Number of protein chains: 2
Amino acid sequence: MSDVASLAGVSKMTVSRVLAGQSASEATRERVQHAIDELGYVADAAAGALSSGRSSFAAVLVPSLSSSNFSDTVSGLTAVLEPHGLELLIGDTDYLPEREERIVRQMLRHQPRCIALTGSQHTAATRTLLERSGVPVVEMWELPAAPVDMTVGFSNVSAAREMVRYLADKGHRRIAFLGGASELDRRGIDRLKGYQLEVKALGFGEPRVVRLGDSPITMSHGGPAMAALLERWPDTQAVMCVSDMSAFGAIMECQRRGLVVPDDIAVAGFGNFEISACCHPTITTVSVDAYGIGRRAGEALLRALAADAGERGAHAHRTARTRIHYAVVPRESA
Amino acid sequence: MSDVASLAGVSKMTVSRVLAGQSASEATRERVQHAIDELGYVADAAAGALSSGRSSFAAVLVPSLSSSNFSDTVSGLTAVLEPHGLELLIGDTDYLPEREERIVRQMLRHQPRCIALTGSQHTAATRTLLERSGVPVVEMWELPAAPVDMTVGFSNVSAAREMVRYLADKGHRRIAFLGGASELDRRGIDRLKGYQLEVKALGFGEPRVVRLGDSPITMSHGGPAMAALLERWPDTQAVMCVSDMSAFGAIMECQRRGLVVPDDIAVAGFGNFEISACCHPTITTVSVDAYGIGRRAGEALLRALAADAGERGAHAHRTARTRIHYAVVPRESA
DNA sequence: TTGAAAGCGATACCAA
DNA sequence: TTGGTATCGCTTTCAA
């Protein structure tokens, strides 16, 4: 910066101001900009952050980047936060709380301005870290009873119950659930729980549950799960899957066995992934606005940031809880 | 850090050393650690980077995070770089060179130790920035003639040609190509080019090309593209698609029209996405090890970093060019 | 093994 | 509108 300053014949402060877009005469601004281009100067963000006491980072944690659900959420966050000069520090927890803790700890070293993370399953240490961080935190994709700070999500339990009722309305009684084996995927566990509760409430007898595969559940898990299900409970009328991915795999397995979906067996998914509208038969599912979760989370963070800064016109209170809309989408498969 | 130091009854330097895992007596180490836990101290990475002149960031740019291809590559990079204490700064260019330039510029402010980016299509300014950065750079997914620095990829042109030959060997002559409309997706353009070259080389007459949709090409693009193709060239025998995603969409469109794949029309994809092995019929494709590209890129960067540091045992030269293996995978659809 | 002092490259604050 | 100075929190370097 000194080099730029002397080349432009001004002080470092003036260079700093030009870079920050603050008051400066047009002539000065031009000379400085010219010097910057000349030298190929790139300001050091670490120095800036240290000096100003504020970074330009927003920390974002998702369980998996390869699930389109979460990459959509990241896109939503990007769309909202980037225009405000925030850079996303993206971390992939791989559904492991210990890994999440490590990542949070590492990200906190960069003094992020705010933190968005997925779900409510954190280690005690992570929770303490988040609370002590002093920055706005939003947990996404669930509506935890005891959130760390803000929340943008929906009840996976209720959504799953609604799907069971939909299948029941279609006349099905022997309804099964295909989920993942992991205890760490809380959204998946909640959907299973919703299934169990509703099946019980409707008096449909013993739940038929097959749990197979690590999260993120992909289409490769659906086939084997469906095979196991048909082995154990061959008279199953309808299957709801923890996600559209496994539903697709399950439907493919049915086709291989010559079972017609939905005539021989109905199959429903969850999440309204692109595939469920494209494939044949199209998949009945629960639509969730993954991108919207990201947007809303980003907006909540910005509001909290504005409130913390005591900005004019900013409401003094945060948006503690944003409930995201979901809906059963009837299609061909169930 | 001062607080930690005085609580532990040592100097700041000792705290710093304990944090860095350097020489310190066991007793000291314990007292310092205790003080850290007590106070919930989190070291400031910006200050550390400023002081030491080196950050812990590795910059990674991909065209899209929602394509499993690229998220797999990011996973590969993570697997290799993270154990070396590097934190990934991930950016999504959305296939826009101007956006890439903005992101590179912003990331360079954080003084990344190395840079991995996708493809060879950069603005002139981006190229200059990369060259001036002075850190190892790797371009992935292509084998550009004039790389910025290192390269890990394969020839999309050759791979596409190989697929055309495969289809020709199956007896097809009237072969079409379904691709995206964007001129900015170089991998897609190269595959198209490979198709055109090989069709011409084989004397199969005028190329039949349908270009439709923005990158990343998803399964939703395949159906309309196939519809347009059949409209214009109803007697097409085989179709190769720019990716498995569009191939899947195209096959679904065929099913809707009562066309049997591959009997009525053969369809091939590219990339060996999970879906192509799961769906029905399974999709003939070109397998590319996306995760491996990430791994190899990470390894090349680490080697370059070691060489730059003049490390004992490190070869003095970088791995300029890593050619990634690809192969046509015959399946049911073609 | 430990400590003291200097400085990394910006920005905040106060003056001119 | 511009400049000088102190300072952010850490690591490097040198000395004990």
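Note that the structure is predicted; figures quoted are calculated from it, not measured.
The shortest distance between the side-chain N/O atoms of B/S11 and the OP1/OP2 oxygens of C/dA4 is not below 4.0 Å. Dashed line: the shortest gap from a side-chain N or O of B/T28 to OP1 or OP2 of C/dT1 is not under 4.0 Å.
With hydrogens and angles left out, the side-chain atoms of A/T319 and A/R303 include a donor and acceptor closer than 3.5 Å.
Between the A/T73 side chain and the A/I293 main chain, no donor and acceptor come within less than 3.5 Å of each other.
Within 6.0 Å of atom CG in B/D37, more than 12 heavy atoms from other residues, nucleotides or ligands are found, so the atom counts as buried in its surroundings.
In this structure, A/R31 atom CZ and D/dT1 atom P are separated by 15 Å, rounded to whole Å.
Between A/D289 and A/R296 no salt bridge is recorded (no basic side-chain N to carboxylate O distance below 4.0 Å).
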Checklist outcome for this item: 5' to 3', nucleotides 9-16 of chain C under a 4.0 Å protein heavy-atom cut-off (B base, S sugar-phosphate only, - none) gives BBBBB---
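Rounding to the nearest 0.5 Å places CD1 of A/I189 at 6.5 Å from OG of A/S182.
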